[in-house]
Amino acid sequence: MKEVKEISEVLIENGQEHILEHLGLMIAEQKEALINDLKQVDFKLLDSLFETYKKLPTSKNKKKVFSAADVLSFDEGDVSVKEKKRLYAIGEDYLSQGKIAVFLVAGGQGTRLGFNGPKGCYPISPVKGKSLFQLFSENILALQRRYGKEFPWYIMTSNENNEETLSFFRKNSFLGLNEHNVRFIIQKQIPSFDFNGKLIISRDKKLLKNPNGHGGSIQALYDSGALTEMKNSGIEEIFYFQVDNPLVKIADPLFAGAHISIHGEISSKVVRKTDPDERVGIIGKVDGKLGCIEYSELSSEKVRERKEDGSLLFNSGNIAIHMLNRNFVEKLNSEENKGLPYHLAVKDAVALVVKSGTHTLEYIKSIKPEMFIFDALSFAKRSATLEVERSEEFSPVKNSEGKDSPETARRAMVERCIKWIYKSGKQDLFPKEASVEISPLFAFDVEGFCARFVSLPEASSSFYIE
Ligand code: UTP
């Protein structure tokens with residue numbers, strides 16, 4: 001078979017001849033699938049990742065200097081209110097002109113949640129059980145009504161969940177959105193390798209590979225043609241968010257305005273840490289450059305360091321909500337920058353190995369390469385970091401129970417509703433233990449809610465405001 005011969009040469013040339021033994025034990029169909037996978041492998045990249053891996057012990061010992069980032073935060077002072085209004089108006093202007101696209105990254109594997117299906121399909125809302133995708137769609141629909149423009153919504157999926165995501169949208173009539181405005185782009189996959197730089201065969205006789213991380217979105221926007229499409233339709237800025245946060249304020253005008261007003265290239269929203277030991281990345285400076293400091297990188301003294309006003313020095317928790325300038329994303333993909341760097345994590349894996357001429361399973365350690373969106377920060381010349389209130393904007397669904405689980409997210413959603421109800425001044429009492437949900441189509445921010453809310457509908461233990 002010509003194909004086997006060709007791939008054999010490539011494998012031998014790249015020191016991956018062990019795969020030949022696997023191919024020798026496979027039936028035609030399996031062989032064909034594996035060869036197809038192998039054809040996609042960028043061996044040059046694999047080689048350079050393995051070289052990086054070998055140098056990790058030395059590079060890890062390099063001392064990094066961490067400092068805090070400048071953070072924009074609005075208290076209730078007069079100056080602050082005026083500035084907030086100014087920035088809000090800038091964001092609204094862009095929205096009214098249709099210059100902002102919405103971009104959701106949803107290609108992750110959601111292993112910790114353990115839900116059978118794409119995480120966006122998870123039923124999360126406390127009264128109606130709406131999925132994350134539905135909440136986002138309704139938020140976008142409401143934005144469209146407010147600003148009189150249709151916003152393109154790009155959703156990044158991976159090979160593993162693209163089909164299911166698409167069929168969810170189709171089955172649910174694109175959740176009320178115009179089908180043509182919802183675009184799916186598939187991120188690339190990248191193979192894992194072992195401590196000797198060898199490719200790994202998984203138990204299903206395929207190459208062990210994974211989606212290339214949320215940072216793969218930068219490449220996916222470019223490769224899919226989405227950036228060109230955006231350019232042609234007058235989009236200048238991209239609102240980036242992740243699939244697990246039901247409290248996200250999509251294309252928040254204040255955030256957009258803060259970013260646009262300084263000609264930001266990538267900007268971030270942050271929340272204050274709950275306590276010094278919270279395991280969250282910090283938007284800060286690494287060797288003088290903006291970036292995300294991982295919680296494991298700060299010593300226990302640094303984590304506790306305080307400013308004169310008593311607040312923590314490293315306090316700006318990264319919630320993975322960004323504004324990306326379209327030209328900047330283009331620039332990140334240029335020959336000069338060559339995209340974002342890969343991080344290499346050691347993971348447990350089950351591998352198929354050839355022993356005495358037959359296939360057996362073995363538990364091994366593998367190296368999983370992944371790109372992270374926050375690495376784009378170090379390339380930016382201008383960036384805004386906006387502090388927002390956690391209870392208003394962030395409660396991710398990561399784990400099946402405990403911290404950052406559906407239970408904590410639902411509670412946060414209910415608490416935010418109750419806060420808005422009290423803030424409206426139209427309701428003095430809210431029944432204890434009752435559940436409440438506000439449709440994003442009724443209001444997607446506290447200002448919108450206070451302007452419309454009259455009174456609670458009749459109900460006993462749960463309320464749905466629409
Ligand atoms: P997480 O870091 O929570 O990873 O992703 P995950 O794969 O979804 O979940 P676990 O770790 O397996 O439990 C944060 C966001 O980045 C997206 C996810 O879909 C989520 O919106 N993501 C992550 C991608 O789009 N692609 C990836 O390769 C990884």
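Scope of the values below: all heavy atoms of this structure, side chains included, with no hydrogens, waters or symmetry mates. For ligands, and for the atoms within them, numbers begin at 1 and follow the listed sequence.
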Please work out which of the three classes, parallel, tilted or perpendicular, describes the rings of Phe136 and Trp153, given edges at 30° and 60°. perpendicular
Is it true that Glu407 and Arg411 make a salt bridge, defined as a side-chain N closer than 4.0 Å to a carboxylate O? yes
Protein neighbours of ligand 1 with a heavy atom under 4.0 Å, given by chain and number, are Val105, Ala106, Gly107, Gly108, Gln109, Gly110, Thr111, Arg112, Met156, Gln187, Pro211, Gly213, His214, Gln242, Val243, Asp244, Lys398
Stacked cation flag Lys302 on Phe66, 6.0 angstrom / 45 deg: no
About how many Å separate CD1 of Ile200 and CG of Leu352, when rounded to the nearest 0.5 Å? 11.5 Å
Would Phe151 and Phe239 count as a close aromatic pair, with their ring centres under 6.0 Å? no
Compute the centroid of each ring, for His259 and then for His322, and state whether the two points are separated by less than 6.0 Å. no
